[in-house]
Amino acid sequence: MKIVQIALDVPLDSLFDYSAEGHGEIGIGDRVLVSFGRRRMVGIVAAIADHSELPPERIKPVLRVFRDTPPLSEEIIRLLRFCADYYHHPLGEVILNALPVPLRQAKPPAPAKPTAYRLTEAGVAVEADTLPARAIVKRRLLQSLKQAGMLTRDDVAALSPSGPRAIMEFVALGWAAASDETLDMAPAPVRADKLRSLTQAQEQAVAAILAGPEQFKVWLLHGITGSGKTEVYLRVIARVLERGGQVLVLVPEINLTPQLEERFRARFPALCQVSLHSRLSAGERLRHWRLAQCGRARIVLGTRLALFTPLPQLKLIVVDEEHDGSFKQQDGLRYSARDMAIARAKQAGVPAILGSATPALETYYNALTGRYHLLELPARAVAEAALPTIRCIDISRAELTEGLSEPLLAALRTRLERGEQSLVFINRRGYAPVMRCGQCGWISTCHRCSSRLVVHLREKRLRCHHCGHESRIPPSCPDCGNADLAPLGHGTQRLEASLTRIFPAARILRVDRDSARRKHALPEMLERIHAAEVDIVIGTQLLAKGHDFKKLTLVGVVNADGALYSGDFRASERLFAQLMQIAGRAGRDVLPGEVLIQTQFPTHPLFQSLIRHDYQGFAEGLLAERKQAEFPPYCHQALLRAEAAQMETALAFLHQAKAVAPKQFGVSLFDPVPAQMARLAGKERAHLLVQSASRGALQAFISAWNIELSRLAGRVRWSLDVDPLEF
Ligand code: ADP
Ligand code: ZN
Ligand code: ZN
């Protein structure tokens, strides 16, 4: 009997044996339908065996083999296996969750609408010149079709907003016909337009990456903000495309995809490029995934979920802003897309480029110790653009007007007079971080989380930014009845109100998750900033990354001190990266930039390094601290997380877990402690930290421990987090 071992989306760490009799050819990666318990489930054939441990009468048959999509490649299954092993997560869940949603469902996806158009013979015979001169879009469409032979729906829409109408007319005229874009076709030509000359540092970086043989190698491209890292990616990618390869580009955040997509499209206009991120509809995601899987999409650009896209011709992986914490998934399979990207590059034998202005300390350490290869872009690419000057304003002495110091207000005034743009950065949305009673000291807290309720004055609501809980602002203090409750501290909304009062003539725009909630709101706001329709931008970290505002010459940072003395050992690393990013928004063009940081601790080493733009000095200082404290990268960590209705229950489980921990691996186990956010959405959370200088020992320990943990019963939800970022 031919036995297939099926991966199913169930929280059990095993594959399941089924009989493949009667299904003819069936192989690894095939999608199948099986019955599991009383349910029917979609699974993936992960292995083939010639016998099973189960008695034959208990082996159920595969009900159906789906043939609507090619099987998952062995390469991808190998990667997912590695990922499941590394993070000690059930293989079936890992494999099934890597698929686009329609492929996880028992009913086959509906036949797609035409996804592409090709020129018919009648169309080939039409000369663009014979079309009316006014019909610009049709002329361009015809030319593009002639050049590329086939255009996808996206290509047509990208050509012009009226492209889709024009193509329907072509179809009606018999010039074009619907086609399936996943059919083989000649690879689109890679056209490199007139290219600007590279800076010397860019030149060296590109040459270094292209010089070696095609093999696994990790490059750390450490380039200050505005140094032209993207241009380096583009040059290397161009070469890979010429050789027929596919490229995977990962970015930390959805909001960064449109502008990067645009730059890539401008450079490689005739090329099929797709994006993958959670804001696409399920149908679009499936379509893009299939285009990648069949090899037609040559550039795949996406957030961390794009990592698991099948790419038969993968020749290069780029991870932009590699230091960003968003690459790590914080629930379910807690994987780091950056780390798994490197694992994937290694399996595929291709290079990976990690780019950042402020590399993660782990990454930088790997470069210093020679595991990665360091490339530096130490100056801005635009010849006239200098790095902004950074200054601290000591607010322990200064008089503040609505949270703003006189030097910052004066600098804003000057920019307004000169017609230049300013950005005031504050990483707190809402009106004020908390509501307070001046009489008894009551403050608004969330009853479901260990957090405060944020004041949203316009909506007259108190909101928890962690669990989403909302209530109206109480008319008086719930504890003492005092009717004079006051918002305490500053958020984006309050800053907006203050600046509007202080500079009534200024055009002020607030950019935070609340104002960007509506679809297309963010691109529209960015557009207004670029078009210089805004004088003062109030922004959170939504604006910190990637954006290139040419007229922005002043960045004010209102309050950054919270992270300086945090209990989280990564807090200062994150703060430094964030301030470097936000400072990097100023003076990106010919106008010089200035950055003013309001702080109570102007002499703190973090600010001193920042003022000198000295990532290296800062990183070396942190590394020395981490070495002494034996923190990562000088050790490897894993966290056992537990969640229960009562804190005692969670802690008791963790104590049990510690007691059953195997002893022979020499790892250190710490005492169970409540999580930093001890209560979240009504659940009490605690964890137990394990660490070891040896990654191998830690991995072996977790494998053995995991088996013991599964035997512990209790009303506790637990999970393992390898290389945790949040505690
Ligand atoms: P980074 O990604 O390192 O922040 P970008 O790639 O966005 O930098 O480049 C910053 C700016 O410099 C962009 O406006 C880009 O067009 C410009 N630029 C990049 N390379 C060059 C070059 N070789 N010569 C002139 N300008 C360049
Ligand atoms: Zn009170
Ligand atoms: Zn809450």
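In each ligand, atom 1 is the first atom listed, and ligand 1 is the first ligand listed. Bear in mind the structure is a predicted one, so any value in this text is a computation, not a measurement.
- Of all the listed residues (R235, Q581, Q202), Q202 holds the heavy atom that lies closest to atom 20 (N) of ligand 1.
- Atom CZ of R513 has 12 or fewer heavy atoms from other residues, nucleotides or ligands within 6.0 Å.
- With a 6.0 Å radius and a threshold of 12 heavy atoms from other residues, nucleotides or ligands, R452 has its CZ atom at or below the threshold.
- Within ligand 1, counting atoms from 1 as listed, the ones closer than 4.0 Å to a heavy atom of L198 are 23 (N).
- Side-chain contact of D512 with T492: a donor-acceptor pair under 3.5 Å is present, judged by distance alone.
- Here the side chains of I582 and V595 are not in contact, with every heavy-atom distance at 4.5 Å or above.
- Heavy-atom contacts of S197 reach the following atoms of ligand 1: 22 (C), 23 (N), 24 (N) (cutoff under 4.0 Å).
- Using a 4.0 Å cut-off between heavy atoms, A357 makes no contact with ligand 1 at all.
- If you number the atoms of ligand 1 from 1 as listed, the ones under 4.0 Å from a heavy atom of K550 come out as 14 (O).
- At under 3.5 Å, a nitrogen or oxygen of G228, whether backbone or side chain, sits near a nitrogen or oxygen of ligand 1.
- Within 6.0 Å of NZ in K217 there are more than 12 heavy atoms belonging to other residues, nucleotides or ligands.
- At a 4.0 Å heavy-atom cut-off, ligand 1 touches D548 through the side chain alone.
- Close N/O approach between R263 and ligand 1 is found [any backbone or side-chain N/O within under 3.5 Å].
- Put simply, C446 gets within reach of the Zn ion (ligand 3), with an N, O or S atom under 2.8 Å from it.
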